[in-house]
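A short worksheet on the structure shown next.
By convention in this document, chain letters (A, B, ...) are assigned in the order of the sequence lines, proteins followed by strands, and residues within each chain are numbered from 1. Just so you know, these numbers use all the heavy atoms, side chains as well, and skip hydrogens, waters and symmetry mates.
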2 protein chains.
Amino acid sequence: MDSHIAPVAPNHAYRLLNHGPTVLVSARHDGVDNVMAAAWACALDFQPPKLTVVLDKATKTRALVEASGRFAIQIPTAAQLQLTHAVGSRSLAEHPDKLREAGVTLFDVDGHDLPFVAGCSGWLACRLIPEPHNQQAYDLFVGEVVGAWSDTRVFRDGRWYFETADPALRSLHYIAGGKFYAIGEALNADTGEADAA
Amino acid sequence: MDSHIAPVAPNHAYRLLNHGPTVLVSARHDGVDNVMAAAWACALDFQPPKLTVVLDKATKTRALVEASGRFAIQIPTAAQLQLTHAVGSRSLAEHPDKLREAGVTLFDVDGHDLPFVAGCSGWLACRLIPEPHNQQAYDLFVGEVVGAWSDTRVFRDGRWYFETADPALRSLHYIAGGKFYAIGEALNADTGEADAA
């Protein structure tokens, strides 16, 4: 693992997703690894941390998640704009060499049998909480976060430092048709009160 | 309704949420209106458009949603930073004058018995799709979008114009402790291919 990467405390894991970034979903089963982009991922609980992600029935990644009961969610950076769009636009079914073509480098983390995407700013290892009705009716998957890590150059001590980090480390926020926005300037509400979530 | 506001086509409604903004959730029942902030809202389907939102059991807004079967999701702007944090930090239960204190102005839309928050950049009128297990186990609510509108100065023809609109109209993306980011610069992936969602 890269020397910039460090674990994120479980009670801070939701903050990797709280600002609504587009994510990369990866999964592994029976020797097959895949990665897809998903704009529809969202925090669901603080502690233990949980999240939701929408996985269309046409995606190969969904089949790997259903078969293995595990997936990883990672936060790609502005430097990974093309990679993110590429893995979100092509299916492994039609493009067996999709990951190499998109420039994806995978790495392993001890104790987690999952393919993690190198170069992201945050990683969440998840255990699928089976919810057959949600999966069938809404393509909605619930995961419990069982491990979290960040690139400490942009997320450390439970918070993002987008305003001082290299702009290449900013998160991506997808709209449609290849159009994304990067996260922008920090704005601080004038109060000592707690979470608005 | 303000002259800048126009309907959003149903098949474009998901794009109001696709980039992961923090939202305002409002609801009305039996003469009571309330508004809260929520960072955990997410698109769920394209057509008919659906979305999810997490509503804690302690919130008064949740009780109004459960009683009326309706809610509105709206996208607050950078100009509404203080308002957004205020309605997310105080409960109507302890602060009966919460909306006035936070500077919230409500308006009505014909055919929708909901309180809409003035000054936002987008509005989604939703019908609750009852899912008792999700609501009880995860505080997770599913809504079908039955009406959508935008401030055409920043969202029109199915797309955001954050890069050319007044920066005061940028969306807010909450982290924790009063800290938000505004959405930032536009980044366009180099391909003609379709959605990564």
Side-chain angles (χ1 to χ4, degrees), chain A residues 12 15 17-22 36-45 50 52 54 78 81-82 84-90 131 133-134 138-140 142 158-160 162-163 170 172-197, chain B residues 12 15 17-22 36-45 50 52 54 78 81-82 84-90 131 133-134 138-140 142 158-160 162-163 170 172-197:
Chain A
H12 289 156
R15 295 184 186 175
L17 285 180
N18 217 66
H19 66 301
T22 292
M36 63 177 273
W40 299 356
C42 193
L44 180 65
D45 208 348
K50 296 192 191 81
T52 56
V54 176
L81 173 70
Q82 287 302 134
T84 302
H85 196 257
V87 298
S89 305
R90 293 183 164 196
E131 288 284 0
H133 168 65
N134 287 334
Y138 300 117
D139 298 335
L140 182 69
V142 177
R159 58 161 290 194
W160 290 102
F162 292 123
E163 59 272 46
R170 292 192 175 220
L172 295 169
H173 300 255
Y174 191 58
I175 305 293
K179 187 170 176 53
F180 295 78
Y181 288 94
I183 200 65
E185 65 176 317
L187 299 174
N188 295 292
D190 180 21
T191 165
E193 290 180 286
D195 285 1
Chain B
H12 289 156
R15 296 184 185 176
L17 285 180
N18 217 66
H19 66 302
T22 292
M36 63 177 274
W40 298 355
C42 193
L44 179 66
D45 208 349
K50 296 191 191 79
T52 55
V54 177
L81 173 69
Q82 287 301 135
T84 300
H85 196 258
V87 299
S89 306
R90 295 183 162 194
E131 288 284 0
H133 168 66
N134 287 334
Y138 300 116
D139 297 336
L140 183 69
V142 177
R159 59 161 288 194
W160 289 102
F162 292 122
E163 58 271 46
R170 291 190 177 220
L172 294 169
H173 299 254
Y174 190 59
I175 305 293
K179 186 168 177 55
F180 295 78
Y181 288 94
I183 198 67
E185 65 175 318
L187 298 174
N188 295 291
D190 181 21
T191 165
E193 291 181 285
D195 284 1

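- Residues satisfying the salt bridge (charged side-chain N to carboxylate O under 4.0 Å, His left out) criterion with B/Glu185, sequence neighbours excluded, are absent altogether.
- The part of A/Leu172 that comes within reach of chain B is its side chain, from C-beta onward, which places non-hydrogen atoms under 4.5 angstrom from that chain.
- Residue A/His133 touches chain B through its side chain alone, counting heavy-atom pairs closer than 4.5 Å.
- For A/Arg159, the part sitting under 4.5 Å from any heavy atom of chain B is the side chain, from C-beta outward, and nothing else.
- The most heavy-atom pairs under 4.5 Å with chain A, out of B/Ala43, B/Ala41, B/Cys42, come from B/Ala43.
- There is no contact between A/Val87 and chain B, counting heavy-atom distances below 4.5 Å.
- By the salt bridge (charged side-chain N to carboxylate O under 4.0 Å, His left out) test, B/Asp45 pairs with B/Lys50, sequence neighbours left out.
- If you take CD1 on B/Ile183 and NE2 on B/His19, they are separated by 5.0 Å, rounding to the nearest 0.5 Å.
- Only the side chain of A/Asn134 comes within less than 4.5 Å of a heavy atom in chain B; its backbone stays farther off.
- A donor-acceptor distance shorter than 3.5 angstrom exists from the side chain of B/Arg15 to the backbone of B/Gly158, with no hydrogens or angles considered.
- Contact annotation: the side chain of B/Leu140 never approaches that of A/Val142 to less than 4.5 Å [non-hydrogen atoms, C-beta and beyond].
- Interface remark: of the candidates A/Ala186, A/Gly20, A/Ala182, A/Ala182 forms the most heavy-atom pairs closer than 4.5 Å to chain B.
- Highest contact tally toward chain B, considering only A/Leu17, A/Leu81, A/Thr52, A/Asp139, is held by A/Leu81 [criterion: heavy-atom pairs under 4.5 Å].
- None of A/Trp40, A/Tyr181, A/Phe180 except one satisfies the ring pair (Phe, Tyr, Trp, His ring centres under 6.0 Å) rule with A/Tyr174; the exception is A/Phe180.
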